[in-house]
Amino acid sequence: MPPIRDKFTIHSKAVVCQDVELKGDITIGAGKPPMPLPSGPIVIGSGCIIEEGAIIVNRRKEVMRIGDDNLFEIGCRVESPTVGNCNTVCTRARVHHTLRMSSYCVIGAGVLVVPTEDEMLDDYTTIYGPSAERRIWSGRGKVQEMDLRRKHAEYLREMLPKFNRLRRGDGT
Amino acid sequence: MSAVPNTPRRANAQESFTPAATPQTSRVASSHIVQSSPHYQTTRRHSLYGTEDRIILDPGSCIWKVGFSGEGKPRDVFYAGGDSGESLWTLNRASKPAEREEEDRILEAKLQACLRSVFHNSLLTDPKSRKVILVEHPLLPLHIKEIMARILFNNLQVPSISFASSHLLALLAAGRVTGLVLDCGHLESTVLPIFSFRPLYPHLRTTPLAGARLSNHIKALLLMFGTYIPPATSLSATMNIPAASRSIRVPQDVLTEKVIDEIKTRICFVGDPIDTDGSGAAQHAMSPGPSEADLPPSDPALSESEFSRVSADVSIDSSNFAPSSGYSVVSHSQLPGMDHAPGESRVQALATMYGRHSTATDIHLRVDPPPAQQTGTGRGTLIVPGWIRERAAEVLFEGGDVDESSVAEVILDTLLKVPVDLRKTLASTILVVGGTPMLPGFIPRLQAELTRAVSRTSNSSSSSAAPSRAGRPRPRPAAYDKYAALRPLLPYFAILNNPAPPPPGNATAAANAGKAPAFTPSMMAWVGGSLAGALKTGGVEVQREKWDEAEAQPDSDDDVPMAHDSSPARSARSSPAKSILPDWTRTPLPTGAPPAPRPPAAAAYIPSAQEQMVMG
Amino acid sequence: MAPKIEYYCPCLAESPYPPPPHLASSSYSFHALHNLFFCEECDAVRCNRCVLVEVSGYYCPNCLFEVPSASVRAEKNRCARNCFLCPNCRNTLTVVPSDPPEDVDSRMSPIVSTTLGEPPFFLYCNHCRWDSAEVDITFEKPTGLAAQLQKFEDSAPESLEFERLKEHFEPFLRASSSSTALPSASSHHVHTNPITAAASSALARDIPGVGKYNPLSRSRIGRDKAAHRQEYPDYKSRVEVGHAAALSGEVDVELLRHLETVGEVASLEQRWSNSWVTPLRASDLKPLRIPLQSKKSKRCPSCRHILIKPEQKAQSTRFKIKLVAANYLPAIAVTLPHAQAALEMMKRSSAKSVSAAAAAEEQQTAGALIAGHSYSFHLAFTNPLYDPIQIRLAKAVVPAHMTEDAEAAERARRSTFQIQLPSAAFPVGAFAEAWEYDDEDEDMFLDEDGVELLDARGKKGKDGRGKSRSVGIVDKRANVTIVSGEVLIPKEARGDVKFNMLVSYTYRSDDPEPSEEVEVGTPSRSHGTNKAPEMKNFSFYTVVDLGSIMYREEPKLTADL
Amino acid sequence: MDLPIYYTRAEYIETDTGNKVSRRATISGPQNIILGGKTIIASGAIIRGDLRRTGPGHAVVISLGRYCLIGEGCVMRPPYKTYRGNFNYYPMKIGDHVHIGANSIVEAATIGNHVEIGKNCIIGKFTIIKDCAKIADNTVIPPNTVVPALALFAGSPGRFVEDLPESTPEMVEAQTKQYYTRFQPLPQER
């Protein structure tokens with residue numbers, strides 16, 4: 001159980017497992033925790049938002065690295081061995097462990113991404129729709145989006161404690 | 001406004017010679033909008049539809065185009081058979097009366113749904129106040145025409161329907177009144193010569209080589225040469241097998257109508273004629289008869305059958321398309337004297353030959369796994385070989401069969417039939433319309449095939465446009481040079497809407513080739529209809545009053561079914577309709593025979609023979 | 001699937017008899033009760049396939065703005081405001097400002113209030129992240145976008161070419177239509193039909209080499225030769241397809257030959273409404289203006305009386321006039337007790353609350369109708385009228401003069417199973433607000449239901465077979481009466497248990513609602529108990545579908561059928 | 001006749017206005033949530049009343065009308081955005097007779113009366129759903145979408161499919177009321 005600095009806001013529903021290493025300030029919304037794993041640890045960067053029901057699993061032995069300012073929306077499931085910065089995994093999207101994300105990628109709501117072979121998404125790749133079609137996003141509007149995300153994180157850090165008893169990760 | 005059209009139009013003409021650029025020229029506040037304002041006005045004026053504006057329906061067996069007259073493009077385009085993309089009707093009807101009746105009832109129900117949604121969902125207009133122009137394919141089965149008329153008049157109560165020949169309308173959209181129009185649609189390719197507004201129906205020629213056949217062929221090819229990689233078996237599988245080891249032959253039910261349609265409309269195109277040493281037409285023309293030497297060329301002939309045999313073996317359920325088309329490829333190539341023993345190898349040979357003549361890239365498609373194997377782990381991958389993308393359409397140019405001539409042959413056959421004096425004119429004003437010519441490269445290829453077929457000399461000419469057919473043993477007089485008569489026309493051949501016309505053979509060709517406005521082949525008939533509507537004209541018009549009267553006519557053969565349950569009654573009602581709907585097939589023969597006698601009441605509304613000849 | 005019942009709409013067909021249910025086409029003439037209307041004038045059921053529909057107002061489904069019909073015409077049925085569809089995924093687009101210039105390390109510095117965002121503005125799809133700047137469409141101000149784009153649409157090549165074509169043909173048609181006077185023999189259309197006239201004048205002309213088509217020709221040759229002279233010059237295209245080739249033809253072939261992914265090429269649906277040759281590339285697609293929708297009023301096809309008249313307000317779900325069948329005909333619900341019993345068992349055994357999906361799944365297996373057994377089915381009639389009604393059921397009489405084969409098929413079908421319906425008329429209580437969801441009543445209903453289920457299960461204990469159940473009233477309360485019928489399925493039976501049922505009911509005619517005298521000719525006449533003079537009778541056909549017959553002895557196994 | 005849907009008394013809290021809330025549901029910031037009465041919140045549902053507008057005083061975050069159903073595993077979460085540079089969450093208002101199928105996720109701004117939302121749907125931020133609309137199972141409605149009255153939406157992204165029958169209000173009302181009456185404690189517990 002690593003010491004948790006007050007910087008962290010851990011929602012009552014959030015459980016932080018022993019083998020998850022926390023760096024920087026992290027906001028974890030209510031819901032399922034990063035799962036305890038058969039294998040490697042998970043390193044989550046700063047400014048990430050993990051909403052309720054999001055599941056982050058490391059299926060590999062090596063460390064799973066998640067960069068900064070990523071948003072994992074409600075009920076999504078991420079197994080990517082590496083996730084860059086500023087990515088968005090939308091509501092109930094599912095990303096298989098064969099997929100690595102660079103930066104500014106968007107996995108659309110409800111999309112299932114299961115590449116049959118290991119694959120690295122280019123920056124700004126957007127995956128959307130029932131058949132998981134792909135586009136490259138022009139990146140226009142990203143500054144505003146990141147601004148929104150950072151302000152959102154601030155808000156959560158400030159508000160969550162008021163309504164939710166903070167528990168210091170009662171991992172298994 | 002339209003009084004002073006030219007000056008500003010010129011101004012615009014300049015810049016929209018690169019039309020794509022027009023809308024693209026970024027910021028909205030750019031200069032030429034000011035210029036375009038006159039047209040802005042005019043177009044507005046014409047888009048104001050009073051009851052004057054007609055509704056233009058172009059109902060295909062597969063895709064419908066609907067909109068208002070006076071507009072440059074339809075308001076809505078949709079699959080009539082639902083998103084599955086299957087066609088509403090096929091070339092053949094059930095033989096048993098009971099089955100046919102049931103077939104018709106279902107067709108009527110579907111047509112009714114389509115027509116109602118056209119007015120209520122696509123056009124949002126009140127049918128009772130809108131005259132309708134029905135873009136009519138000359139070979140549209142009469143019973144379907146009747147059903148449509150019945151729904152429009154009885155169920156939707158439109159004031160009148162005008163029936164206009166799709167070929168003629170298409171020609172109008174090209175700015176011509178004389179020409180040889182090839183409509184290559186879904187079920188059929190039909191050629192109709194038109195001389196100064198006047199369709200020469202007796203010379204109409206048709207072939208089943210069209211969209212549906214192409215889809216069918218693509219399917220057969222994919223089943224043999226496509227590759228399918230199923231999705232991962234489970235999401236939790238930590239280690240994954242390389243795709244290569246999991247790739248398999250394409251399962252039958254991965255290739256749904258929808259998938260095939262996407263392949264056809266999105267990634268297929270038509271390559272240049274296969275014309276290399278050894279398999280080129282020229283050489284073969286020289287080499288007499290069949291010989292071991294020209295194995296490759298002799299392949300396709302057989303392989304056609306091989307493919308379709310394959311497709312037969314895996315039993316493509318023929319409900320998707322006309323059962324005939326499912327197998328006719330077989331039938332037409334299983335001519336006497338053909339043994340299928342070396343089939344497989346030949347098919348392979350063909351594949352390799354096509355492969356040799358294609359530089360197209362392979363394409364990966366994401367497709368739904370067969371219902372049986374849906375593991376909820378996403379979609380499978382279908383790999384379409386580049387040569388299939390480029391060479392699938394060869395099937396349309398593979399002629400040489402009496403009742404399934406290639407799209408090139410069907411044009412030439414028509415030319416052979418028309419009066420000699422018209423040939424030059426028609427040969428130099430060929431117009432190609434319909435959905436299938438939307439395939440990139442189709443029209444240029446057609447032009448090439450025409451030239452090739454005509455320029456071929458005796459022994460190989462017995463076969464078709466396709467070089468590959470050359471030297472194939474056939475049970476017909478080898479020396480018979482079918483198109484010899486047309487050879488003098490060679491320099492005249494010109495396709496009005498050929499996007500890339502070859503160097504013209506002479507002035508006439510030069511004046512015509514590629515001179516049509518840049519409307520898309522698939523839309524020409526509709527645009528023509530819109531034009532006719534805007535010009536307050538159209539085909540033979542049938543008023544609702546007349547229809548009702550004709551329907552009210554107590555018809556002798558009506559009494560019996562009238563009492564019956566609704567469906568036979570409904571079909572029975574059509575009998576009076578028959579007599580008032582224009583139908584060129586019931587018009588006098590070229591010999592000038594008088595019209596067949598008809599019940600007087602109806603007779604009054606039969607457009608006179610010549611009108612029908614014109615507009616039917 | 002759960003057993004269901006649908007109501008027949010004759011759709012103005014001559015015959016009052018419904019089509020035999022085994023015909024696939026019959027499905028088009030039967031509808032769920034809530035989709036049907038009722039015309040009080042004709043005293044008849046109407047459906048969405050036969051009613052006359054009129055537009056009573058246009059609105060944009062996105063901004064919900066009510067559009068006056070005048071501008072509807074001008075705007076080609078599309079929203080003239082800020083509503084656009086993503087050309088790529090058909091999601092609705094939103095207008096967004098551009099990013100502020102990205103400073104070196106934007107990540108750490110939150111933007112100082114992007115007050116209204118800065119121009120240029122562009123359209124943005126928050127589903128697939130397409131944006132209009134990709135195709136160089138941007139705006140100085142975030143409003144009146146459609147108006148700004150309209151200008152492009154009007155200067156679109158196809159409309160300009162179209163105008164030119166019109167001007168090309170107009171004079172010729174005028175000339176020929178005036179010059180031609182065809183013999184009256186050839187009906188009135190001719191005159192209203194310049195093109196026909198023009199054509200027939202052309203026709204009268206000798207076509208070199210073509211045999212004379214009609215006697216007219218000779219008389220005309222002279223003038224037509226002239227006509228031939230002054231014949232219109234060849235049309236000169238504004239943009240020739242040859243010139244436009246840059247956008248199609250060879251270029252496309254090359255594009256396709258070297259194609260990497262399907263995505264590069266626009267799908268058929270994305271380009272098929274273009275009448276003008278346009279690039280194939282998906283990257284060239286333009287935003288689409290959102291098509292308007294309409295509020296519809298509906299009329300009876302035979303008497304023209306209004307059945308549905310919506311309120312003017314686009315988003316109001318109330319109607320000025322609303323004559324729906326549900327207010328006139330008793331609602332019927334059909335159930336198979338043995339299936340429900342089984343389902344109930346499962347529910348109890350499994351977790352207290354079964355997820356609907358699972359329930360449906362189990363109903364599937366439990367509801368099985370196994371060949372060689374007989375089952376009872378329940379029909380629950382709910383009376384919408386404020387007066388009690390008497391209902392009488394009958395199997396649809398197959399008209400004797402049915403076409404041969406249909407009859408044969410009918411016989412074949414009927415032979416597969418036997419239906420027993422209560423022969424006597426039974427009452428259904430009047431509808432009253434008070435009865436709705438009144439608690440005691442609920443409990444009472446539950447108890448009875450419970451009892452009912454129990455004995456159903458008892459029967460099921462005997463493997464749902466044999467021992468013919470009583471056919472008749474099972475339960476009666478409030479405005480609901482449940483009667484039970486029976487189906488006997490012989491061993492060799494196949495297909496669906498699906499039959500037409502005639503429902504006739506009598507009601508007090510002085511009740512305000514459907515007080516018209518019975519339509520002459522409605523089959524109701526024969527049936528119905530017209531003893532009391534003020535009682536009126538109405539009959540309608542239904543199709544009852546109990547599900548398909550299974551062959552397994554064990555219902556459980558049927559799962560893997 | 002539809003069968004009753006049983007639950008164990010132990011699991012559900014019944015309020016005096018007839019709301020039935022599962023103890024297995026997560027209700028954060030309950031003081032910011034309003035239930036209209038006879039509304040059922042099934043087990044596993046998450047309702048985020050805690051994500052309230054910043055600023056002083058009491059703020060309603062989520063309000064539900066009468067005869068609503070929040071299915072099992074649903075997530076109800078108010079939408080957020082920055083307006084003029086200030087970040088905020090905005091309230092979510094839901095009308096009467098609204099059924100939300102199991103495992104759907106809702107971040108809508110407004111949902112009218114008589115609305116049916118199927119299973120496994122995703123209703124994006126600031127979506128507006130008008131009266132009597134219906135969202136088919138597994139539909140994904142992207143943010144800022146407007147669903148007009150009496151329209152059926154389906155697909156991903158969700159698109160208009162067809163108009164719903166004029167009698168929809170009555171039907172939905174009857175269904176929701178009936179569902180509430182069918183939803184009752186196990187008989188042996190009575």
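Remember, it's a predicted structure, so these values are computed and weren't measured experimentally. We name chains A, B, ... by the order of the sequence lines, and we start the count at 1 in each one.
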Can a salt bridge be assigned to the pair D:K125 and A:E73 using a cut-off of 4.0 Å between side-chain N and carboxylate O?
->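 Salt bridge present between D:K125 and A:E73.
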Of all heavy-atom pairs between [X] and [Y], which one has the smallest distance, and what is that distance?
X	Y	result
D:I122	A:T91	CD1-O, 3.6 Å
A:L71	D:Y80	CD2-OH, 4.0 Å
D:N120	A:R92	O-NH1, 3.6 Å

What distance do A:I74 atom CD1 and D:R77 atom CZ have between them, rounded to the nearest 0.5 Å?
->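 Between atom CD1 of A:I74 and atom CZ of D:R77 there are 5.0 Å.
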OH of A:Y155 to CZ of D:R52: how many Å apart, nearest 0.5 Å?
->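 Taking OH in A:Y155 and CZ in D:R52, the distance rounds to 7.5 Å.
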Is there any residue in residues 96-109 of chain D with a non-hydrogen atom under 4.5 Å from a non-hydrogen atom of chain A, and which ones are they?
->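 Near chain A, by residue number: D:N103, D:S104, D:I105, D:E107.
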Using distance only, find each side-chain donor-acceptor pair of residues 143-160 of chain D under 3.5 Å and give its atom names and separation, not counting sequence neighbours.
{"unit_1": "D:T145", "atom_1": "OG1", "unit_2": "D:P142", "atom_2": "O", "d": "2.5"}

Check the surroundings of atom NZ in D:K93: do more than 12 heavy atoms from other residues, nucleotides or ligands lie under 6.0 Å from it?
->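 No, because the 6.0 Å sphere around NZ of D:K93 holds 12 heavy atoms or fewer from other groups.
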So, the side chain of A:K151 versus the backbone of D:N88: is there a donor-acceptor pair under 3.5 Å, distance only?
->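 Side chain of A:K151 to backbone of D:N88, a donor-acceptor pair under 3.5 Å: no, none is there.
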What class does the angle between the rings of A:H152 and D:F87 fall in, given that below 30° is parallel, 30 to 60° is tilted and above 60° is perpendicular?
->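 Correct class here is parallel.
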